[in-house]
Number of protein chains: 4
Amino acid sequence: MEFKKNIPIYLQIMDKLKQDISLKVIEPGGKLMSTRELAVKLKVNPNTVSRVYRELESENIVFTKRGMGTFVVEDENILQNIKNNMANDIVVKFIRDMSNLNISPEEAIKMLKEIEEE
Amino acid sequence: MEFKKNIPIYLQIMDKLKQDISLKVIEPGGKLMSTRELAVKLKVNPNTVSRVYRELESENIVFTKRGMGTFVVEDENILQNIKNNMANDIVVKFIRDMSNLNISPEEAIKMLKEIEEE
Amino acid sequence: MEFKKNIPIYLQIMDKLKQDISLKVIEPGGKLMSTRELAVKLKVNPNTVSRVYRELESENIVFTKRGMGTFVVEDENILQNIKNNMANDIVVKFIRDMSNLNISPEEAIKMLKEIEEE
Amino acid sequence: MEFKKNIPIYLQIMDKLKQDISLKVIEPGGKLMSTRELAVKLKVNPNTVSRVYRELESENIVFTKRGMGTFVVEDENILQNIKNNMANDIVVKFIRDMSNLNISPEEAIKMLKEIEEE
DNA sequence: GTGGTCTAGACCACA
DNA sequence: GTGGTCTAGACCACT
């Protein structure tokens with residue numbers, strides 16, 4: 001995994017994990033890699049992974065069992081919502097950004113189709 | 001103008017000015033407010049505005065005449081491009097963000113239309 | 001290092017670093033001194049060094065790893081080009097300056113040889 | 001006459017006048033345009049031209065007769081030297097700049113010839 | 001400890 | 001009055 005320059009690494013890792021969870025690459029209730037293990041794999045500082053897990057926990061996406069590791073929650077609804085919320089946020093932001101440029105949603109959709117075809 | 005917390009103020013001012021320029025709120029060849037004037041208006045430090053003007057100049061959107069002020073370039077093509085580039089960046093980022101969530105452009109467009117109707 | 005009066009300090013530091021990098025006094029991929037460290041050494045404000053690093057980054061000569069420091073790029077081609085560009089700029093300026101005085105390149109070269117022998 | 005961006009206008013005008021004087025476009029003892037006249041012609045602020053004349057006077061290249069105007073000195077030696085001094089300064093600076101890049105005068109001359117041929 | 005940003009306030013050259 | 005540079009010192013996010 002390569003990291004983009006202008007976005008905090010911990011956020012990039014968080015997003016990747018959220019994707020994996022929402023797409024069930026990691027099963028509900030499944031165990032995440034240990035912070036140390038993941039840090040080695042991604043070549044980042046263990047503190048950075050710690051922060052990722054801490055933030056995911058505060059979003060109720062994972063939980064920690066002392067001495068056991070970190071696990072994905074089993075509540076299907078929560079998992080269901082992760083993807084929806086992320087997508088919704090992105091779409092809303094997109095509409096706002098375009099309207100700031102005086103570009104209507106219809107025009108925006110037209111641009112989307114054009115760029116998609118390239 | 002109120003500033004978001006997570007984005008550097010100078011970038012937010014830059015974006016606002018780019019919008020104003022691309023929408024011709026500020027005429028091609030027109031003069032921007034002086035650094036001090038804009039700083040007072042936005043309640044930021046003159047240095048921050050200075051940086052904005054410097055970066056806009058390095059993007060060839062404005063130019064400065066020593067002791068005279070800072071002006072929008074007169075080249076219509078460049079101005080045309082500002083808006084296009086900004087819009088393009090937004091659309092590309094949108095497609096990328098959605099595809100990271102395993103959402104196809106078609107689905108994305110569907111969501112766009114739904115949210116628009118709300 | 002002593003600074004000339006008429007040239008911005010940050011430009012003088014930039015040029016010195018470019019020299020050091022192009023002459024491989026600082027290795028490709030190597031780490032620059034931290035902003036604070038260099039600021040102390042040169043007896044300038046950390047902000048001034050910060051600006052130097054920012055501008056070098058915008059010229060793709062160095063890059064920064066968040067919280068880690070600032071590093072010389074590893075692309076040998078880019079490094080090759082720094083020296084060539086700097087030298088080329090100097091030569092072109094020289095020719096232009098001399099021709100403004102109605103001195104042909106041939107005469108210029110003659111003067112060069114004379115002065116060199118002194 | 002168009003002005004370069006990074007060099008003070010008054011210096012650019014000074015250099016142009018020195019050239020004209022050293023190349024005898026303006027005769028020894030001849031009269032310069034009035035500050036006002038030159039300012040209009042160059043589309044610059046009269047203060048700027050004033051400064052040019054003041055600096056030229058302090059270099060003993062011109063002198064002012066109250067109510068009469070500004071004139072080029074008649075001393076041929078001084079005029080002779082203007083060109084030589086300017087050229088010499090340029091050559092010395094060139095050698096210094098190149099040696100900073102670890103480029104010997106011989107290599108510098110080779111580059112000069114190459115660029116000249118382009 | 002690292003760079004990034006920001007404020008406050010100063011001085012300068014230029015027009 | 002204009003932008004450009006610099007210092008001093010602070011706070012922040014990231015590693």
Side-chain angles (χ1 to χ4, degrees), chain A residues 3 5-13 39 42-52 55, chain B residues 3 5-13 31-40 42-57 62-71, chain C residues 3 5-14 31-40 42-57 62-71, chain D residues 3 5-13 35 39 42-52 55:
Chain A
F3 297 110
K5 252 198 63 202
N6 294 313
I7 304 171
I9 289 176
Y10 83 94
L11 281 181
Q12 297 182 53
I13 298 174
L42 298 179
K43 294 180 194 161
V44 298
N45 193 299
N47 287 334
T48 305
V49 177
S50 281
R51 174 155 187 190
V52 170
E55 305 258 355
Chain B
F3 297 110
K5 241 197 74 192
N6 296 316
I7 305 173
I9 292 177
Y10 82 93
L11 283 180
Q12 298 182 54
I13 299 175
K31 188 176 173 305
L32 302 184
M33 294 172 91
S34 81
T35 49
R36 287 161 178 83
E37 208 178 349
L38 186 53
V40 169
L42 299 180
K43 294 180 193 160
V44 298
N45 189 285
N47 281 334
T48 304
V49 178
S50 235
R51 174 155 184 195
V52 170
Y53 282 15
R54 199 197 318 141
E55 306 252 358
L56 286 176
E57 183 162 16
V62 304
F63 65 98
T64 67
K65 287 191 210 167
R66 246 186 313 273
M68 305 286 300
T70 303
F71 302 82
Chain C
F3 297 111
K5 240 196 72 191
N6 297 315
I7 305 172
I9 292 176
Y10 81 94
L11 283 180
Q12 297 182 53
I13 299 175
M14 267 182 79
K31 188 174 174 305
L32 301 184
M33 295 172 89
S34 80
T35 50
R36 287 163 177 83
E37 207 178 352
L38 186 54
V40 168
L42 298 180
K43 292 179 193 160
V44 298
N45 190 285
N47 282 334
T48 304
V49 178
S50 235
R51 173 156 185 194
V52 170
Y53 282 14
R54 198 196 319 142
E55 306 252 359
L56 286 176
E57 183 163 14
V62 304
F63 65 99
T64 67
K65 286 192 211 166
R66 247 185 313 273
M68 304 285 300
T70 302
F71 302 81
Chain D
F3 297 109
K5 253 199 61 200
N6 293 313
I7 306 171
I9 291 178
Y10 82 94
L11 281 180
Q12 297 183 54
I13 299 174
T35 52
L42 298 179
K43 294 180 193 160
V44 299
N45 192 298
N47 288 334
T48 305
V49 177
S50 281
R51 174 156 186 189
V52 171
E55 304 258 357

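Protein chains get the first letters and strands the later ones, always in sequence-line order, with residue 1 at the start of each.
Remark: C/E37 pairs with no residue by the salt bridge (Lys or Arg N to Asp or Glu O under 4.0 Å) rule, at least two apart or across chains. Considering only residues two or more places apart in sequence or on other chains, C/N47 meets the side-chain contact (heavy atoms from CB on, under 4.5 Å) condition with C/N45. Not counting sequence neighbours, the partners of D/P46 by the side-chain contact (heavy atoms from CB on, under 4.5 Å) test are D/A39. Take B/R54 and apply the side-chain hydrogen bond (donor to acceptor under 3.5 Å, both in side chains) test, not counting sequence neighbours, and it matches no residue. Residues that satisfy the side-chain contact (heavy atoms from CB on, under 4.5 Å) test with B/T70, not counting sequence neighbours, are B/L32, B/Y53, B/V62, B/T64. For C/K31, the side-chain contact (heavy atoms from CB on, under 4.5 Å) partners two or more places apart in sequence, or in a different chain, are C/F71.
The CG-P distance, from B/L38 to E/dC6, rounds to 14 Å in whole Å. As rounded to whole Å, 12 Å separates atom P of F/dT5 from atom CD of C/Q12. Rounded to an integer number of Å, the gap from CD of C/E55 to C1' of F/dG4 is 12 Å. Separating the CG atom of B/N6 from the P atom of E/dT5 is a distance of 13 Å, rounded to the nearest angstrom. Between the CD atom of B/E37 and the P atom of F/dT2 there is a distance of 7 Å, given to the nearest Å. Computed from coordinates, the C/F3 CZ to F/dT5 C1' distance equals 13 Å when rounded to whole Å. Look at CZ on B/F71: it is 11 Å from C1' on E/dA15, rounded to the nearest Å.
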- Query: In the 5'-to-3' direction, what one-character label does each nucleotide of nucleotides 8-15 of chain F receive under the scheme B = base within less than 4.0 Å of a protein heavy atom, S = sugar-phosphate only, - = no such atom?
  - Reply: BB----BS

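Residue C/S34 places at least one side-chain N or O under 4.0 Å from the OP1 or OP2 atom of E/dT2. The phosphate of F/dG3 (OP1 or OP2) has no side-chain N or O of B/T64 nearer than 4.0 angstrom. Within the 4.0 Å cut-off from OP1 or OP2 of E/dG3, at least one side-chain nitrogen or oxygen of C/T70 is found. Between E/dG3 and C/S50, no contact under 4.0 Å exists linking OP1 or OP2 to a side-chain N or O.
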- Message: Let's test your reading of the pairing rules: Watson-Crick or G-U wobble, both distances under 3.5 Å, then write DNA chain F as a dot-bracket string with ( ), [ ], | and dots.
- Response: ||||||||||||||.

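Atom CD of residue C/Q12 and atom CG of residue C/L42 lie 10.5 Å apart, to the nearest 0.5 angstrom. Rounded to the nearest 0.5 angstrom, C/K65 NZ and A/I9 CD1 are separated by 9.0 Å.
Nearest-nucleotide positions on DNA chain E for C/G69 and C/R54 put C/G69 closer to the 5' end.
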- Give the intermediate values and the outcome of side-chain contact (heavy atoms from CB on, under 4.5 Å) for residues C/T48 and C/R51. CA-CA 5 Å; C/T48 304; C/R51 173 156 185 194; 5.8 Å; no

